[in-house]
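Report on one structure; see the data block that follows.
For this chain, numbers begin at 1 and follow the sequence in order.
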Amino acid sequence: MSYDKPSGHVTKRIVLHFPGFEPLDAIRHQARYKRSAVKTAKLQDFEVEVGPVQTEGQSRYFDVDSQGADWQTSSRVYVFDHDEIVKSLNGRSTLRRMVAGYSSAARVVWEGGAFSYFRHAWRFGLFFIFPFLLVAIGIGLSLLIGTAPYWLALESSLLVLSAIVAYVAFFKLFLPWSEKWHTLHLFSDWELAVAVASLEKPYFKQWLEENLASVRAALNEPADEYVITSHSMGSSIATQVIGTLVEREPSLLEGKRIIFVTLGGAILQCALLRSAEVLRARVGAIARVKDIFWFDVQCLTDAINFYRCQVVALAGHHDAPQPPIVFIRLKHMLSPERYRRIKRDFLRVHRQYVLDADVRAPFDFTLMTAGPLPAASFANPN
């Protein structure tokens with residue numbers, strides 16, 4: 001099946017969306033999608049109606065009906081969020097989250113991930129060390145406060161008071177201040193990254209098995225095309241899910257127009273760890289499926305992606321088809337005011353792939369998932 005020159009309007013589309021590591025369930029993802037879709041429809045001059053979230057067993061989806069002057073498209077968007085995992089990881093005590101986070105960071109370093117990040121995408125390497133270095137600085141300052149009576153040669157009885165001050169300074173002042181950068185949330189993000197890479201944690205293996213049936217059901221629905229979109233951490237999760245189906249049920253994909261779009265894809269966040277043998281194998285397996293057209297959307301402004309990196313090749317499959325890379329420029333998609341407002345917030349910039357633009361641009365998430373053009377056409381935006 002060729003995707004070089006996709007043509008014709010899509011009338012029925014199935015979208016399987018794998019979000020990133022965010023504390024959002026399907027209802028909140030639908031609400032965000034709806035806000036963006038309404039803005040995009042006004043900008044692009046078409047009508048759109050986004051329905052409520054429906055639940056069938058493990059499946060959660062919403063329908064999107066779009067209509068222009070000479071076209072009409074219906075899309076069903078399945079959301080495969082991992083909100084319960086995010087809530088579980090973020091819901092533990094601060095101390096447990098810190099210990100688990102630093103343990104995961106040590107695992108990433110031990111397995112060669114940190115070295116590979118700086119080798120292939122140095123900004124992603126900085127993203128990796130940032131939360132752990134920031135909290136380490138806070139711990140160091142608190143220790144200095146706690147031991148101040150000792151190194152200032154003061155009364156030893158003051159150690160109790162200094163310890164209390166150090167506790168308050170770290171847990172009540174420093175950590176709340178550091179949350180403007182979502183520091184402990186990123187600790188949990190790295191914990192899940194190790195789990196997705198190694199497949200050692202029962203909670204992730206259970207999530208994977210529970211969602212396979214929903215993905216299978218979605219792919220069995222009749223449609224002109226099936227668009228698998230994944231954002232950030234969701235790209236590694238999507239690879240584990242789709243790769244599992246490629247291994248177990250290759251016939252499920254035969255004869256279908258399937259487009260795999262990795263947005264701000266951070267598959268290499270997990271795939272570069274030594275324990276990620278299965279994930280790397282599934283990257284290659286997906287790349288070799290002739291009915292799957294895969295393209296990777298990257299952005300220079302986004303520090304949380306492997307800019308200009310060929311994911312499939314770096315996962316060890318140089319002989320497999322390499323997904324074309326689509327480069328987007330946020331400066332060319334957003335108003336100057338909006339761009340200035342978000343450009344220093346690296347997590348907000350990273351979310352822009354799935355949000356609305358302020359001006360008509362070659363790439364738009366809503367148009368790709370709800371518009372009339374085949375999704376593969378967005379791999380050649382120029």
Side-chain angles (χ1 to χ4, degrees), residues 16 18-21 58 80-82 85-86 89 100 103-117 119-121 124 128 188-216 219 228-253 258 260-262 265-292 294 296 305-306 309-323:
L16 298 85
F18 293 81
F21 190 81
Q58 291 288 334
F80 296 94
D81 66 87
H82 47 280
I85 294 178
V86 177
L89 294 176
S103 176
S104 298
R107 177 86 177 263
V108 170
V109 173
W110 176 255
E111 293 198 10
F115 174 80
S116 296
Y117 299 156
R119 178 184 177 187
H120 299 295
F124 194 90
F128 164 63
S188 298
D189 176 87
W190 283 102
E191 189 176 350
L192 181 60
V194 172
V196 173
S198 65
L199 294 177
E200 293 174 352
K201 295 293 185 180
Y203 69 78
F204 180 69
K205 290 193 287 187
Q206 180 181 348
W207 184 96
L208 181 63
E209 292 298 328
E210 288 177 349
N211 283 274
L212 281 173
S214 299
V215 172
R216 184 185 302 110
L219 291 174
I228 303 168
T229 60
S230 61
H231 177 235
S232 192
M233 173 75 74
S235 294
S236 291
I237 294 175
T239 300
Q240 294 285 28
V241 174
I242 304 305
T244 300
L245 288 176
V246 170
E247 294 168 355
R248 298 179 185 178
E249 305 174 55
S251 61
L252 178 65
L253 311 175
I258 301 174
F260 184 26
V261 188
T262 45
I267 292 178
L268 295 175
Q269 175 185 17
C270 301
L272 290 175
L273 304 187
R274 276 196 296 271
S275 61
E277 294 97 342
V278 173
L279 177 60
R280 287 191 293 274
R282 287 171 176 167
V283 168
I286 293 172
R288 291 183 173 91
V289 175
K290 65 181 179 63
D291 293 306
I292 297 179
W294 177 358
D296 193 26
N305 78 141
F306 286 77
C309 289
Q310 286 287 357
V311 173
V312 175
L314 289 177
H317 305 279
H318 297 273
D319 59 333
Q322 302 298 313

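For the pair Val311/Thr262, no side-chain contact is recorded, criterion being any heavy-atom separation below 4.5 Å from C-beta on. Put simply, the side chain of Leu219 reaches to within 4.5 Å of the side chain of Leu245, judged on heavy atoms. The shortest distance between side-chain heavy atoms of Ser198 and Glu111 does not fall below 4.5 Å. The shortest distance between side-chain heavy atoms of Phe204 and Ile237 falls below 4.5 Å. Taking 4.5 Å as the limit, some side-chain heavy atom of Ile85 sits within range of a side-chain heavy atom of Tyr203. With contacts defined as side-chain heavy-atom distances shorter than 4.5 Å, the pair Trp207/Val196 does not qualify. Here the side chains of Pro323 and Val312 are in contact, with some heavy-atom distance below 4.5 Å.
The environment of Phe115 atom CZ is sparse: at most 12 non-hydrogen atoms of other residues, nucleotides or ligands sit within 6.0 angstrom. Residue Arg119 qualifies as open at atom CZ: its count of foreign heavy atoms under 6.0 Å is 12 or below.
Here the closest heavy-atom approach between residue Arg282 and residue Leu199 is recorded as NH1-CD1, 4.0 Å. Between Ser236 and Cys270, the shortest heavy-atom distance links the atoms OG-SG, 3.5 Å. Scanning both residues, Ser116 and Leu272, for their nearest heavy atoms gives CB-CD1, 3.7 Å. Nearest heavy atom pair, residue Val109 against residue Ala114, reads CG2-CB, 4.0 Å. Of all the heavy atoms in Ala313 and Gln322, the pair that sits closest is N-OE1, 3.0 Å.
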Checklist line | side-chain contact (heavy atoms from CB on, under 4.5 Å) between Phe18 and His82, worked out | finding: CA-CA 9 Å; Phe18 293 81; His82 47 280; over 6 Å; no

Notebook entry, point to check: Step by step, would you call Leu89 with Phe21 a side-chain contact (heavy atoms from CB on, under 4.5 Å)?
Noted result: CA-CA 11 Å; Leu89 294 176; Phe21 190 81; 4.2 Å; yes

Next item on the list: Kindly indicate, with the supporting measurements, whether the criterion side-chain contact (heavy atoms from CB on, under 4.5 Å) is fulfilled by Ser230 and Phe260.
Entry: CA-CA 8 Å; Ser230 61; Phe260 184 26; 3.7 Å; yes

Next item on the list: Evaluate side-chain contact (heavy atoms from CB on, under 4.5 Å) for Val241 paired with Leu16, printing each intermediate quantity in order.
Entry: CA-CA 11 Å; Val241 174; Leu16 298 85; over 6 Å; no

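Between the side chains of Ser214 and Gln58, no donor N or O sits under 3.5 Å from an acceptor N or O.
Below 30°, between 30° and 60°, or above 60°: for Tyr117 and Trp190 the angle between ring planes is between 30° and 60°, a tilted geometry.
Shown are Leu314, Ile267, Val278; of these, the side-chain contact (heavy atoms from CB on, under 4.5 Å) with Val283 is made only by Ile267.
For the atom pair Leu253 CG and Ile258 CD1, the distance stands at 4.5 Å (nearest 0.5 Å).
Distance alone, capped at 3.5 Å, is enough to place a donor-acceptor pair between the Arg280 side chain and the Leu273 backbone. No donor-acceptor pair closer than 3.5 Å links the side chain of Gln206 to the backbone N or O of Lys201. Put simply, the side chain of Gln269 never gets that close to the backbone of Met233: no donor and acceptor are under 3.5 Å apart.
Annotation: salt bridge (charged side-chain N to carboxylate O under 4.0 Å, His left out) contacts of Arg216 (sequence neighbours excluded): Glu249.
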